[in-house]
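Input: a single structure, listed below in structure tokens.
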Number of protein chains: 2
Amino acid sequence: MVIEAIQKRRSMRMYKTDAVSEDVINEIIKAGQFAPTAHGTGAVEFLVITDAKMKKDIFDIVGQDYVTEAPVLIIPVATDATVLPVQDISVATQNMLLQATDLGLGSVWKHVVPEWAGKIKEMLSIPEGYHVINMVPIGLPNDPDVIEHADDDFKIEKIHREKW
Amino acid sequence: MVIEAIQKRRSMRMYKTDAVSEDVINEIIKAGQFAPTAHGTGAVEFLVITDAKMKKDIFDIVGQDYVTEAPVLIIPVATDATVLPVQDISVATQNMLLQATDLGLGSVWKHVVPEWAGKIKEMLSIPEGYHVINMVPIGLPNDPDVIEHADDDFKIEKIHREKW
């Protein structure tokens with residue numbers, strides 16, 4: 001059931017360095033590709049970084065130890081074909097986070113501010129009009145203190161009926 | 001497995017009018033609440049519309065027959081507690097789309113342009129600094145021509161390795 005992965009998915013910021021196979025990476029990206037896109041343009045593509053030097057260069061821009069620690073970084077990129085790049089990238093990312101969870105892997109949404117995005121795009125030869133807003137480290141989780149969502153986390157008071 | 005719901009989820013634009021129970025609506029919103037939010041603010045709340053007159057008033061703003069046809073409309077609202085309202089609403093929405101699919105229901109991401117958002121916020125007494133960017137009709141699917149994603153839809157050429 002989907003809800004199990006949804007409850008299990010938590011932001012992981014410590015990773016084991018064990019490699020993740022190309023097949024598994026592709027399964028995660030496939031989940032991202034099957035997310036909806038505005039007007040069905042399918043405008044989201046995916047950059048996979050596993051090279052240690054590349055990860056170090058990205059760390060130098062965005063900080064966060066887990067960027068170098070995680071064996072894989074996936075950067076979802078919205079092309080200029082979409083009018084809603086933030087939405088398209090966001091839903092593709094959420095599908096990847098859930099699929100990674102389902103495959104026993106940890107992940108986290110690392111926000112990328114526009115200044116960093118410009119540097120990253122230049123470094124990775126991503127075309128000018130394309131959009132980078134985040135990146136997703138993937139790897140075996142290495143923080144036992146991260147626990148899954150429980151039913152108690154559900155806040156019924158955040159549901160409004162008919163009017164605010 | 002998550003991938004099954006991910007493949008099954010397609011945009012549904014025709015609904016049966018059968019009611020959806022409050023428990024089921026809450027299960028769907030719970031999935032939305034368990035999506036990550038920027039800095040963990042949990043800034044997304046949820047407005048549930050089932051009243052026919054309210055749905056008609058919303059239809060008058062956004063168009064689309066399915067807005068009145070679907071028994072439920074869920075509007076995720078980001079409060080002013082988040083710095084990334086579009087991302088937060090998007091991932092909450094994606095979780096809800098997947099959970100609705102898993103429960104045998106259809107749904108679609110209906111984009112709400114800023115002009116409509118202003119009118120909807122006023123109509124539903126949503127506070128000024130809060131954000132509406134979409135709405136999600138939910139109901140039994142009524143379009144047999146909508147088919148799930150197949151492995152053939154996966155486009156390996158949209159994966160770039162190390163560089164664009």
Side-chain angles (χ1 to χ4, degrees), chain A residues 1-7 9-11 25-27 29-31 33-36 38 40 42 44-51 54 77 84 86-87 89-91 93-95 97-99 101-102 108-109 111 124-127 130 133-134 149 151 153-156 158-164, chain B residues 1-7 9-11 25-27 29-31 33-36 38 40 42 44-51 54 77 84 86-87 89-91 93-95 97-99 101-102 108-109 111 124-127 130 133-134 149 151 153-156 158-164:
Chain A
M1 287 197 332
V2 163
I3 195 67
E4 285 170 15
I6 286 174
Q7 295 207 189
R9 182 222 53 81
R10 299 306 302 258
S11 298
I25 296 171
N26 288 350
E27 284 303 306
I29 292 176
K30 181 169 131 180
Q33 282 193 6
F34 287 172
V44 184
E45 305 205 5
F46 302 84
L47 197 42
V48 176
I49 316 273
T50 55
D51 180 76
M54 299 289 272
V77 178
L84 298 175
V86 178
Q87 285 88 330
I89 290 174
S90 296
V91 295
T93 300
Q94 183 62 13
N95 271 12
L97 299 180
L98 293 174
Q99 175 69 335
T101 303
D102 214 30
V108 67
W109 177 305
H111 179 56
L124 301 171
S125 312
I126 297 168
Y130 289 18
I133 64 163
N134 65 357
H149 283 291
D151 278 347
D153 297 344
F154 176 52
K155 297 192 186 344
I156 196 105
K158 289 192 176 181
I159 301 178
H160 308 257
R161 296 215 148 242
E162 309 301 341
K163 272 209 170 196
W164 198 259
Chain B
M1 288 195 333
V2 163
I3 194 68
E4 286 170 15
I6 286 173
Q7 295 208 188
R9 183 221 53 81
R10 298 308 301 260
S11 298
I25 295 171
N26 287 352
E27 283 305 304
I29 291 176
K30 181 169 133 179
Q33 282 193 7
F34 288 172
V44 184
E45 306 204 6
F46 301 84
L47 197 42
V48 176
I49 317 273
T50 56
D51 180 75
M54 299 289 273
V77 178
L84 298 175
V86 178
Q87 286 88 330
I89 291 175
S90 296
V91 295
T93 299
Q94 183 61 13
N95 271 13
L97 299 180
L98 293 174
Q99 176 68 335
T101 303
D102 214 30
V108 66
W109 176 305
H111 179 56
L124 300 171
S125 312
I126 297 168
Y130 289 16
I133 63 162
N134 66 357
H149 283 291
D151 278 346
D153 298 344
F154 176 53
K155 296 194 186 342
I156 196 107
K158 288 191 176 181
I159 301 179
H160 308 258
R161 296 216 147 241
E162 309 301 340
K163 273 211 170 194
W164 196 260

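We name chains A, B, ... by the order of the sequence lines, and we start the count at 1 in each one. Computed from a predicted structure; not experimentally measured.
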Looking only at heavy atoms, which two atoms of [X] and [Y] are closest? And how far apart?
X: A:Lys30; Y: B:Asp151; answer: NZ-OD1, 2.5 Å
X: A:Phe154; Y: B:Gln33; answer: CD1-OE1, 3.3 Å
X: A:His111; Y: B:Gln87; answer: CE1-NE2, 4.2 Å
X: A:Phe34; Y: B:His149; answer: O-NE2, 3.4 Å

Using a 3.5 Å distance criterion without hydrogens, assess whether the side chain of A:Glu162 forms a donor-acceptor pair with backbone atoms of B:Met54.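 Checking the backbone N and O of B:Met54 against the side chain of A:Glu162, no donor-acceptor pair under 3.5 Å is found.
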
Under the 3.5 angstrom rule, does the side chain of B:Lys155 hit a backbone N or O of A:Gly42 as a donor-acceptor pair?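 Judged by distance alone, no pair lies under 3.5 Å.
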
Heavy atoms only, distances under 4.5 angstrom: which of A:Gly40, A:Pro36, A:Ser125 has the most pairs with chain B? Name it, please.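 Ranked by contacts with chain B, first place is A:Pro36.
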
Between chain B and each of A:Met1, A:Arg9, A:Gln99, count heavy-atom pairs under 4.5 Å; write down the option with the most.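 The candidate making the most pairs under 4.5 Å is A:Arg9.
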
Measuring from A:Asp51:CG to B:Arg161:CZ, what's the distance to the nearest 0.5 Å?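 Here the rounded value is 11.5 Å.
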
At a heavy-atom distance under 4.5 Å, which candidate from B:Leu124, B:Ile6, B:Ile49 has the highest pair count against chain A?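 Among the listed options, the one with the most contacts to chain A is B:Ile6.
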
Heavy-atom pairs under 4.5 Å with chain A - which of B:Asn134, B:Leu97, B:Ile126, B:Val108 has more of them than the others?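 The candidate making the most pairs under 4.5 Å is B:Ile126.
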
Region of A:Asp102 that comes under 4.5 Å of a non-hydrogen atom in chain B: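 Just its side chain gets close to chain B.
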
Tell me, for A:Ile89 versus chain B, whether the close heavy atoms (under 4.5 Å) come from the side chain, the backbone, both or neither.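 Contact with chain B is absent: no heavy atom of A:Ile89 under 4.5 Å.
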
Answer with yes or no whether the side chains of B:Asn95 and A:Gln94 bring together a donor and an acceptor at under 3.5 Å.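 A pair is found: one side chain offers a donor N or O, the other an acceptor, under 3.5 Å apart.
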
Contact class of B:Val44 relative to chain A, heavy atoms under 4.5 angstrom: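 Contact with chain A involves the backbone of B:Val44 alone.
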
Partner residues of A:Phe46 under the ring pair (Phe, Tyr, Trp, His ring centres under 6.0 Å) criterion, sequence neighbours left out: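 With neighbours one apart ignored, the set is empty.
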
Not counting sequence neighbours, which residues clear ring pair (Phe, Tyr, Trp, His ring centres under 6.0 Å) with A:Tyr130? List them please.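 Listed in chain order: B:Trp164.
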
Could you walk me through whether B:Val2 and A:Thr101 pass the side-chain contact (heavy atoms from CB on, under 4.5 Å) check? CA-CA 9 Å; B:Val2 163; A:Thr101 303; over 6 Å; no

Tell me, do B:Val91 and A:Thr93 make a side-chain contact under 4.5 Å, heavy atoms counted?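 Not touching, per the 4.5 Å side-chain cut-off.
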
